[in-house]
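What follows is one structure encoded as structure tokens, with my remarks underneath.
Everything quoted here is computed from the prediction, not taken from an experiment. Per chain, numbering begins at 1; letters A, B, ... match sequence-line order.
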Amino acid sequence: MAGARPSAPASESELLARAQGLAGRTLGRIAAEAGLEAPADQKRMKGWVGEIIEWCLGADAAALPEPDFRAIGVELKTLPVNSLGRPAESTYVCVVPLTGELGEWKRSNVYRKLARVLWVPVEADRGLPLRHRRIGNAFLWSPDVDEEQALRTDWEELTEMIARDGLDRVSARHGRCLQIRPKAAHARVLTRHASPDGASIQTNPRGFYLRAKFTGEILAALHAGGVRP
DNA sequence: AGCTGATCATAT
DNA sequence: ATATGATCAGCT
């Protein structure tokens, strides 16, 4: 790498200022500053956008089950947006725990991951090469009361459904803002899961995802001048 | 066009 | 295999 990785930000305002400093720049440009080149094969480097932004901002918890910015407890999420500025994809949150207790909402990984998020919109039209994609205006977010209620309701319903009917009865069609979808290298990857009757079975790992409709509403509230906590 | 199920890269 | 980072691809 040509450039040195920035140190971790010491505060939310420092992180936000850094992230907003990326607005309008292309991924090719910030990659060059890190001594990298944007991959030509964007179909294979699915996580590259998130990783380069993490690098630029000094995230220090990569590949750990913790917030990206450990000291200040902030999670970084890039938000792929189309030419209209609307989210083009769902947002992965975390894996669905398949063993152990159900727990309660406020102790769930979903709640903890989403408690404080730095959203970084990035252009993501499929025909646009990675190096030409521009970064948008980053913003800090926590769920407001309505959003948290909606997330909590989905989480509790999905969790109860798994316990009552089994994971294999839960599809991506369930959940208004939070959904469950496969999360693995491929469909043959299996992990252990306790079925409702107590038997241990093998199943494809799943993840919690935010629907694009939900993240789109977060963006819309911003543009409407909504005040956020 | 939107959505669901499947998939790709990397680190531990 | 499990977790991180996500987007792809095909069907409705």
Side-chain angles (χ1 to χ4, degrees), chain A residues 1 5 19 27 30-31 34 36-70 74-100 108-110 112-114 117-130 133 135 138 154 158 161 167-193 200-217:
Chain A
M1 302 234 187
R5 185 174 75 74
L27 295 178
I30 66 169
L36 301 172
E37 220 169 274
D41 187 359
Q42 53 206 62
K43 288 183 175 53
R44 294 187 165 275
M45 301 296 282
K46 296 183 182 179
W48 186 82
V49 176
E51 285 153 10
I52 189 70
I53 303 279
E54 278 186 344
W55 192 93
C56 287
L57 297 178
D60 57 0
L64 294 177
E66 297 177 44
D68 295 294
F69 301 95
R70 283 186 286 184
V74 176
E75 175 72 15
L76 171 67
K77 289 291 178 199
T78 58
L79 190 56
V81 293
N82 62 23
S83 53
L84 300 175
R86 311 300 306 174
E89 287 286 350
S90 57
T91 299
Y92 169 67
V93 180
C94 60
V95 296
V96 178
L98 298 181
T99 55
S108 70
N109 292 150
V110 174
R112 291 189 295 210
K113 282 271 187 181
L114 298 180
V117 178
L118 177 72
W119 293 104
V120 182
V122 179
E123 286 183 323
D125 289 299
R126 290 202 183 171
L128 186 61
L130 284 173
R133 298 185 185 185
I135 300 168
D154 280 348
L158 291 166
M161 205 177 302
L167 180 63
D168 292 341
R169 294 284 299 277
V170 181
S171 81
R173 292 173 174 78
H174 301 287
R176 298 169 59 83
C177 52
L178 192 65
Q179 65 178 168
I180 287 177
R181 304 217 307 279
K183 174 60 174 163
H186 49 77
R188 286 111 53 209
V189 173
L190 296 175
T191 190
R192 209 174 66 257
H193 165 51
S200 181
I201 61 171
Q202 297 277 110
T203 190
N204 189 221
R206 315 298 164 90
F208 284 111
Y209 294 80
L210 296 177
R211 292 184 181 277
K213 191 171 181 94
F214 181 75
T215 50
E217 285 163 7

**Request:** Nearest-nucleotide wise, let me know which of A:K43 and A:K77 is further upstream toward the 5' end of DNA chain C.
**Result:** A:K77

**Asked** Between C:dA1 atom P and A:N204 atom CG, what is the distance in whole Å?
**Response** 11 Å

**Message:** Counting the atoms with a prime plus P, OP1 and OP2 as sugar-phosphate, which does A:G50 contact under 4.0 Å by heavy atoms, base, sugar-phosphate, or nothing?
**Reply:** sugar-phosphate

**Request:** Measure the distance from CG on A:L57 to P on C:dT4 and round it to the nearest whole Å.
**Result:** 19 Å

**Asked** Does A:Y92 put a side-chain nitrogen or oxygen below 4.0 Å from OP1 or OP2 of C:dT4?
**Response** yes

**Message:** Both A:V170 and A:N82 contact DNA chain B. Which one's nearest nucleotide lies toward the 5' end?
**Reply:** A:N82

**Message:** Whole angstroms only, please: what is the CD-C1' distance between A:E89 and B:dT7?
**Reply:** 12 Å

**Message:** Nearest to the side chain of A:K113, heavy atoms from C-beta on, is which of C:dG5, C:dC8, C:dT2?
**Reply:** C:dG5

**Atom-pair distance (CZ on A:R206; P on C:dT2), nearest Å** = 13 Å

**Request:** Provide, to the nearest angstrom, the distance between the CH2 atom belonging to A:W55 and the P atom belonging to B:dA11.
**Result:** 15 Å

**Asked** Can a donor-acceptor pair under 3.5 Å be found between the side-chain atoms of A:R126 and the base atoms of C:dA9?
**Response** yes

**Item:** Any A:H193 side-chain heavy atom under 4.5 Å of A:R206 side chain
**Value:** no

**Request:** Apply the test side-chain contact (heavy atoms from CB on, under 4.5 Å) to residues A:I30 and A:I53: give CA-CA distance (whole Å), side-chain angles for both, the deciding distance (0.1 Å), then the verdict.
**Result:** CA-CA 8 Å; A:I30 66 169; A:I53 303 279; 4.0 Å; yes

**Rounded distance in Å - CG (A:D41) to P (B:dT7)** = 17 Å

**Basic-acidic side-chain contact under 4.0 Å: A:K77, A:E89** = no

**Item:** Gap separating the CG atom of A:L118 from the CG atom of A:L57, nearest 0.5 angstrom
**Value:** 6.5 Å

**Prompt:** What's the closest nucleotide to the A:T78 side chain, out of C:dA6, C:dT2, B:dT4?
**Reply:** C:dA6

**Asked** Tell me, which of residues 173-187 of chain A have any heavy atom that sits under 4.0 Å from an atom in DNA chain B?
**Response** A:R173, A:Q179, A:R181, A:P182, A:K183, A:A184, A:A185, A:H186, A:A187

**Asked** With a 4.5 Å limit on heavy-atom distance, are the side chains of A:L178 and A:L210 in contact?
**Response** yes

**Prompt:** Which heavy atom in A:W55 sits nearest to a heavy atom in A:A34, and how many Å separate them?
**Reply:** CZ3-CB, 3.3 Å

**Prompt:** Is there a side-chain polar atom (N or O) of A:R86 under 4.0 Å from OP1 or OP2 of B:dA1?
**Reply:** no

**Message:** What's A:Q202 touching, base or sugar-phosphate or nothing? Going by heavy atoms closer than 4.0 Å.
**Reply:** nothing

**Message:** For C:dA6, does the base pair up with any side-chain atom of A:Y209 as donor and acceptor (N or O, under 3.5 Å, distance only)?
**Reply:** yes

**Request:** Let me know the distance between CG of A:L167 and P of B:dG5, rounded to the nearest Å.
**Result:** 12 Å

**Prompt:** Looking only at N and O atoms, is any donor in the side chain of A:K46 or the base of B:dT7 less than 3.5 Å from an acceptor on the other one?
**Reply:** yes

**Request:** Let me know the distance between CG of A:L79 and P of C:dT7, rounded to the nearest Å.
**Result:** 9 Å

**Asked** Quick one: on DNA chain C, does A:P80 or A:C94 contact a more 5' nucleotide (nearest heavy atom)?
**Response** A:C94

**Request:** Check whether any side-chain heavy atom of A:P205 sits under 4.5 Å from a side-chain heavy atom of A:V95, and report yes or no.
**Result:** no

**Within residues 170-179 of chain A or reaching into it, pairs that qualify as side chain to side chain donor-acceptor pair (under 3.5 Å) - sequence neighbours excluded** = A:Q179-A:R181

**Message:** Using C1' atoms of five pairs at each end, report the bend of the helix from B:dA1-C:dT12 to B:dT12-C:dA1 rounded to 10 degrees.
**Reply:** 30°

